[in-house]
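Scope of the values below: all heavy atoms of this structure, side chains included, with no hydrogens, waters or symmetry mates. The shown structure was predicted, so the numbers you read here are calculated from the model rather than taken from an experiment.
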Amino acid sequence: MSEAELRAEIDHHERARAHMAEMHRATADTYDRHEAEFNEGGSGGKGFGDVGPDKELAYLMAKYTTDRMKDLTDRELALFFGRIWFDDSGEDYHIGRRHIRDDRSTPLVLDWRAPVAEHFYRASVHDRRGVAKRRRFGFQGPRLTGFEDEDLRLGEAVASDILTAEIERPRTGPMRDIVATIQPEQDELIRRAAATTMCVQGAPGTGKTAVGLHRAAWLLYNYAEHLRKAGVLVIGPNEGFLAYIANVLPTLGESAVWQVTVQQMTKADTATGTDSPEAAMVKHDARMALVCERAVWGHVGRAEDAGLTADEGLLITDGGWRWRLGVNYLNGAIDTAREHNRTYEAGRKAVEDAIVQGARRQAEIRAGHSPDHRWAAKLKRTDAVKGFLDAVWPKLSGKAVLRKLYLDAAFRAEATRGLLSDEEAALLAPKGRGLKTTAADLLIADEITAHLRLPDPSDSYGHIVIDEAQDLSPMQCRAIARRSGQGSLTVLGDLAQGTTPWAAARWEDQMTHLGKSDVEFTELTTGFRVPGVIIELANRVLPHLGVDVAPARSLRGDGSLETTAVDDLAAGVAEAVEKALSDEGLVGVIAADARVESLRAALPESHRVELVPASLAKGLEYDHVVVAEPAEIVAAPADRFGDGATVEGVGLRHLYVALTRAVSRLSIVHAEPLPPQLKA
């Protein structure tokens, strides 16, 4: 690395920053102009012959420029992190987080999502993809400090110190993007076509969450016209996890992505009641979908239920005319509507239309012409038609069906017959006085509503990224599937980290519940985040978790592991934390949920120290993790999902999660004997 080359790269970086600022100013001017046009369009102050500006266009342009200004905001990050030179053309490109051009529209930095940037991530000495040389840059904040070159033409793979340093850089806050360190196998997943639904089983530290978020950003860049209308949704396991990943997409130039928990998506976070563990298990079970279907469609009757007989049929009085429809015709209309309509309300309308069509045919024969739509509307309002429909296909609401299912024992028995045992069906009946809605009840209400009517198009998304998907129940999966519609999914998770009572044991089953059959399955086992010495310890627990996943392996030979037996747990944890604070980065203290409060007073007050219940540690990462009393974590199944349900063995999975949150150093502090699963 010559000083002249480094100076040239620093100058290029400063030039790019200046032009990005100019792009921001130009966008701001555009915003001001269109905002003025929008305001003028609403003022009504037009002169003769002045048609005025297009108010709608002005509004849309002002909105577009607002998003564009956010994208061009200088976040004090490096504007580029790589550079590639091509063989034949001799062209070279700087690769960064967003596209930056000069005043002649010459690209100074290419967006990492552009097709050309793929070569930066994928080229190797074995498949150069036309790349002659690759350069990686080192930065401290926004300041360029150095670079290293890799000449792919030499045919010899060279380890990158800059890449290694970036991967191992201490964590000082929420999750950051990995755009500078994306590995070839990760890039291949990120750049799959928009129509592709994929399921990624990822061991701890393999970057599956980062893959999902970068895929969302890549899709929005390359399929902007479709996905900015259809929307992209990210679903995480809890609000703490969403806060942790919140900054990733904005730094990648994307802010138009909704990030929610599955509880927020279904309004389950508003529940006022709590189920017993047994009731929660039944309500989250896949069989409840069939119970809901029966509860809705079970209201459909036969013509005889309206008091009709084969001799009389349905008599409709229309002014001086009388139309009569037979029982066989009406039952045939009911059967056809039931067979060919996906929703209950559409089926009712189909029967109503069949009644009108039957009367219209008679009118055409008698009068010699076909009545118009006003006649049809009038006929639908007659007491005979309304009374018949209310008898054989009554109007329903989701709330009414749910209440009937829970409170009407005979109706519940019919809806659950052959699906639930008598004991399981009884768990649906509310205990005590009143009917307080639980989180699981809202899932069931969502399922019932889906049978009543088609979802609002605004509730559907073009692509959904689901993280920690192994923890979703079948009923939660179905709720997500309804919001996916014809869109695609990126499903991320680790079966070994499943900690809910209904955690999936097989990805194939989970994808079925999510409504997808054409799925690409991928397993990531190579870790970049967790050092090998820590992964080896966690892998001892893996065989005891009851899932068929490959053990992780780490590319990192650094890191440290220390196990300390103490008499006073709080004092021992405090000492381990003080020692950890002598190094850079965040320190996470993970303990059994019931132990957390008793440890809080012993810990130093520092923004670098976070105390986390074991049940909420999933998805988080720290430079140094102190795991307090592993035996307590194993023995303490906790419910953090608002349903009151627990599952045997969940504590051991919480321990597996806790052990794999460290990206540099792990300390285990214990007063009780260590769980036998940790022994070699």
Donor-acceptor side-chain pairing of Q201 and D494 below 3.5 angstrom: yes
Note: E312-R324 ion pair, threshold 4.0 Å (strictly below): yes
Flag side-chain contact, heavy atom, 4.5 Å: T499 against S615: no
Aromatic W297 / basic R338 pairing, under 6.0 angstrom, 45° off normal: yes
Any side-chain heavy-atom pair of L249 and Q259 under 4.5 Å: yes
Any donor-acceptor pair under 3.5 Å from S421 side chain to E424 backbone: yes
4.5 Å side-chain heavy-atom contact, V232 and Y223: no
More than 12 heavy atoms from other groups under 6.0 Å of CG on D548: no
N328 side chain to N331 backbone, donor-acceptor under 3.5 Å: no
Carboxylate-amine/guanidinium proximity below 4.0 Å for D353 and K380: yes
Donor-acceptor under 3.5 Å (R294 side chain, A415 main chain): yes
H463 and T490: side chain donor to acceptor below 3.5 Å: yes
Side-chain touch V300/V392, heavy atoms, less than 4.5 angstrom: no
Check: I480 main-chain N/O paired with S484 side-chain donor or acceptor under 3.5 Å: no
NZ/NE/NH1/NH2 to OD/OE distance under 4.0 Å, D318 and R322: no
Exceeds 12 heavy-atom contacts within 6.0 angstrom, atom CD of E188: yes
Plane angle bin for H284 and W502 - parallel if under 30°, tilted between 30 and 60°, otherwise perpendicular: parallel
Ionic contact status for E254 with R228, cut-off 4.0 Å: yes
pair M198-V519: side-chain heavy atoms closer than 4.5 Å: no
Electrostatic pair R417-E414, nearest N-O below 4.0 angstrom: yes
Side-chain (S488) to main-chain (A194) donor-acceptor, under 3.5 angstrom: yes
Side-chain donor or acceptor of Q186 paired with backbone N/O of T206 under 3.5 Å: yes
Side-chain donor-acceptor pair present, N238, T261, cut-off under 3.5 Å: no
Option passing side-chain contact (heavy atoms from CB on, under 4.5 Å) with Q476 (candidates D446, L443, I466): L443
Validation row: L407, P430 side chains within 4.5 angstrom (heavy atoms): yes
More than 12 heavy atoms from other groups under 6.0 Å of NZ on K516: yes
Heavy-atom neighbours of R366 CZ exceed 12 at 6.0 Å: yes
Ring pair (Phe, Tyr, Trp, His ring centres under 6.0 Å) evaluation trace for H214 with Y221: CA-CA 11 Å; H214 286 67; Y221 180 87; over 10 Å; no
Side-chain donor-acceptor pair present, Q362, E364, cut-off under 3.5 Å: no
Backbone N/O of P394 and side chain of Y344: donor-acceptor pair under 3.5 Å: yes
Salt bridge flag under 4.0 Å for residues D471 and R653: no
Residue pair T512 / D509, side-chain donor-acceptor N/O under 3.5 Å: no
Side chain proximity check, Q510 to V491, heavy atoms < 4.5 angstrom: no
Side-chain heavy-atom pair I464, Y461 within 4.5 angstrom cut-off: yes
Presence of salt bridge, R192 and E520, under 4.0 angstrom: yes
Main-chain N/O of P474 paired to D285 side chain as donor or acceptor, under 3.5 Å: no
Residues D390 and K386 bridged, charged N to O under 4.0 Å: no
